[in-house]
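What follows is a single structure, written as structure tokens, with notes after it.
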Amino acid sequence: MDLDPSTLNRALPLRDQIYHQIRNLIVVGHMKPGEVINEVAIAEALGVSRTPVREAVKRISDEGLVDILAQTGTYVAPISRADLEEAYVIRRALEMESARRAAVKFTPSAGELLEDNMAAHQLAISRGRYATAIQLDDVFHRTIAEICGMPMIWRAVDISKAQMDRGRYLVIPKPGYGEQTIEQHRAILDALKRHDADGAAQAMETHLETSLRNTLEVAAELLG
């Protein structure tokens, strides 16, 4: 388990920092479905008491990434088809509305932000830096929510999309997938530039539907 105690700021709430470390290990696939989560071992590795670890794991379980089984133990949850589809439904509804509203408020400076993001995203894909590419993908979507003036949309999406993120880390090395994402981001951006609210929403729906379909195909053997 790749936990780094040097990243912890003891002046800030430990449970939040530990939450992000463990959650990230699960999402990127470093902690596999069915793997035991040993709270005592995590606490020792990070040099903390068990309390913030327990609180962090409970929070992660609330997102469906961890199964806490009484009298049995705590395990990384399987990647579930039902969970993937539920995350997609939530994300589609929120992000289509985000794109629709952003189109009305879209400015040239907002266009430059997204153009720069896409250029960096393309470079990360070309160099095989997939974790960076996924982070930049998230920035693209978060920026659209910020443009529409409703940053809470992204907060809600970020919590609900954890299952889809697990799938994305499986899918992104697939040849052509990263380039397809860039192409679909371009379609979203083009609609935003035209202030085409319906077109932006439709392009967003197409993008998210493609992401779900690719994830289901690649992760089929892991789905519960």
Side-chain angles (χ1 to χ4, degrees), residues 16 19-20 23-24 27-28 59-60 62-65 82-125 129-169 171-172 177-216:
D16 295 336
Y19 158 81
H20 286 295
R23 184 182 189 275
N24 184 65
V27 167
V28 304
R59 183 176 169 188
I60 296 169
D62 290 342
E63 296 180 21
L65 295 175
D83 288 341
L84 285 171
E85 292 179 345
E86 182 179 36
Y88 162 72
V89 168
I90 294 169
R91 188 169 185 182
R92 178 183 61 185
L94 291 173
E95 292 217 61
M96 286 180 68
E97 186 63 21
S98 177
R100 184 176 283 110
R101 290 174 178 265
V104 176
K105 299 183 176 182
F106 207 71
T107 64
S109 60
E112 290 178 2
L113 279 177
L114 293 180
E115 290 280 6
D116 290 346
N117 169 272
M118 290 172 57
H121 191 170
Q122 181 68 65
L123 181 61
I125 291 294
R129 296 176 180 171
Y130 299 124
T132 299
I134 286 178
Q135 291 167 6
L136 289 165
D137 188 343
D138 283 347
V139 170
F140 180 89
H141 290 266
R142 185 185 72 222
T143 300
I144 292 173
E146 291 170 347
I147 290 167
C148 82
M150 295 185 173
M152 282 296 295
I153 286 180
W154 179 252
R155 292 188 190 181
V157 168
D158 195 35
I159 291 172
S160 66
K161 73 184 181 65
Q163 297 293 353
M164 288 187 73
D165 285 346
R166 296 175 80 187
R168 286 199 296 164
Y169 277 92
V171 170
I172 194 169
Y177 175 80
E179 291 76 11
Q180 183 182 51
T181 296
I182 296 292
E183 180 181 338
Q184 292 180 343
H185 280 190
R186 169 60 62 186
I188 295 168
L189 178 56
D190 287 347
L192 291 172
K193 287 181 175 179
R194 297 193 305 269
H195 302 286
D196 179 358
D198 289 340
Q202 182 59 57
M204 180 67 75
E205 181 180 32
T206 298
H207 173 46
L208 295 176
E209 184 178 359
T210 300
S211 179
L212 174 67
R213 184 173 63 251
N214 288 338
T215 299
L216 289 174

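None of these values were measured; they are calculated from a predicted model. Residue numbers start at 1 and run along the sequence shown.
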If you round to the nearest 0.5 Å, how far is [atom2] of [Y] from [atom1] of [X]?
X	Y	atom1	atom2	result
Asp165	Asn24	CG	CG	9.5 Å
Met204	Met96	CE	CE	9.5 Å
Met164	Leu208	CE	CG	6.0 Å
His20	Ile60	NE2	CD1	9.5 Å
Arg100	Gln202	CZ	CD	9.5 Å
Glu146	Ser98	CD	OG	9.5 Å

For [X], does the [atom1] atom have more than 12 heavy-atom neighbours from other residues, nucleotides or ligands under 6.0 Å away?
X	atom1	result
Arg213	CZ	yes
Gln180	CD	yes
Glu86	CD	no

Determine the minimum heavy-atom distance between [X] and [Y], stating which atoms define it.
X	Y	answer
Gly64	Gln163	O-NE2, 2.9 Å
Ile125	Gly178	CD1-CA, 3.7 Å
Ala200	Ala191	N-CB, 3.4 Å
Tyr177	Ser211	OH-OG, 3.5 Å
Ser160	Ile90	OG-CG2, 3.5 Å
Ala102	Cys148	N-CB, 3.5 Å

task = Flag the pair Leu216 / Tyr88 as yes when at least one side-chain heavy-atom distance between them is below 4.5 Å, and no otherwise.
result =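 The answer is no; the side chains never approach within 4.5 Å.
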inquiry  = Within the 4.5 Å heavy-atom criterion, are Arg59 and Asp16 side-chain neighbours or not?
reply    =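 Sidechains of Asp16 and Arg59: in contact.
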[X]: which residues meet the side-chain hydrogen bond (donor to acceptor under 3.5 Å, both in side chains) condition with it, sequence neighbours left out?
X	value
Thr107	Ser109
Arg23	Tyr19, Glu63
Arg186	Glu115
Gln184	His207, Thr210

ask   = Just one of Asp138, Val139, Asp137 clears the side-chain contact (heavy atoms from CB on, under 4.5 Å) bar with His141, so which one?
value =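 By the side-chain contact (heavy atoms from CB on, under 4.5 Å) criterion, His141 pairs with just one of Asp138, Val139, Asp137: Asp137.
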task = For the pair Phe106 and Leu189, evaluate side chain to side chain contact (heavy atoms under 4.5 Å, CB included) and give the outcome as yes or no after the intermediate values.
result = CA-CA 10 Å; Phe106 207 71; Leu189 178 56; 3.6 Å; yes
query = Please walk me through it: do Met118 and Leu136 pass side chain to side chain contact (heavy atoms under 4.5 Å, CB included)?
reply = CA-CA 8 Å; Met118 290 172 57; Leu136 289 165; over 6 Å; no
key: side chain to side chain contact (heavy atoms under 4.5 Å, CB included) involving Val157 - partner list, sequence neighbours excluded   =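 Arg91, Leu94, Glu95, Ile153, Trp154, Lys161.
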ask   = Hey, is the main chain of Ala103 close enough, under 3.5 Å, to the side chain of Asp196 for a donor-acceptor pair?
value =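 Not a single qualifying donor-acceptor pair exists.
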ask   = Is the backbone N or O of Ile147 less than 3.5 Å from a side-chain atom of Lys105, with the two atoms forming a donor-acceptor pair by type?
value =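 Checking the backbone N and O of Ile147 against the side chain of Lys105, no donor-acceptor pair under 3.5 Å is found.
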ask   = Stepwise, does the side chain to side chain contact (heavy atoms under 4.5 Å, CB included) test hold for Ile144 with Leu192?
value = CA-CA 9 Å; Ile144 292 173; Leu192 291 172; 4.1 Å; yes
request  = Take Glu85 and Val89 through the side chain to side chain contact (heavy atoms under 4.5 Å, CB included) test and state the conclusion after the steps.
outcome  = CA-CA 6 Å; Glu85 292 179 345; Val89 168; 5.6 Å; no
Contacts of type ring-ring contact (aromatic ring centres under 6.0 Å, His included), residue His121, not counting sequence neighbours =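 Once residues adjacent in sequence are excluded, the partners of His121 under the ring-ring contact (aromatic ring centres under 6.0 Å, His included) criterion are His185.
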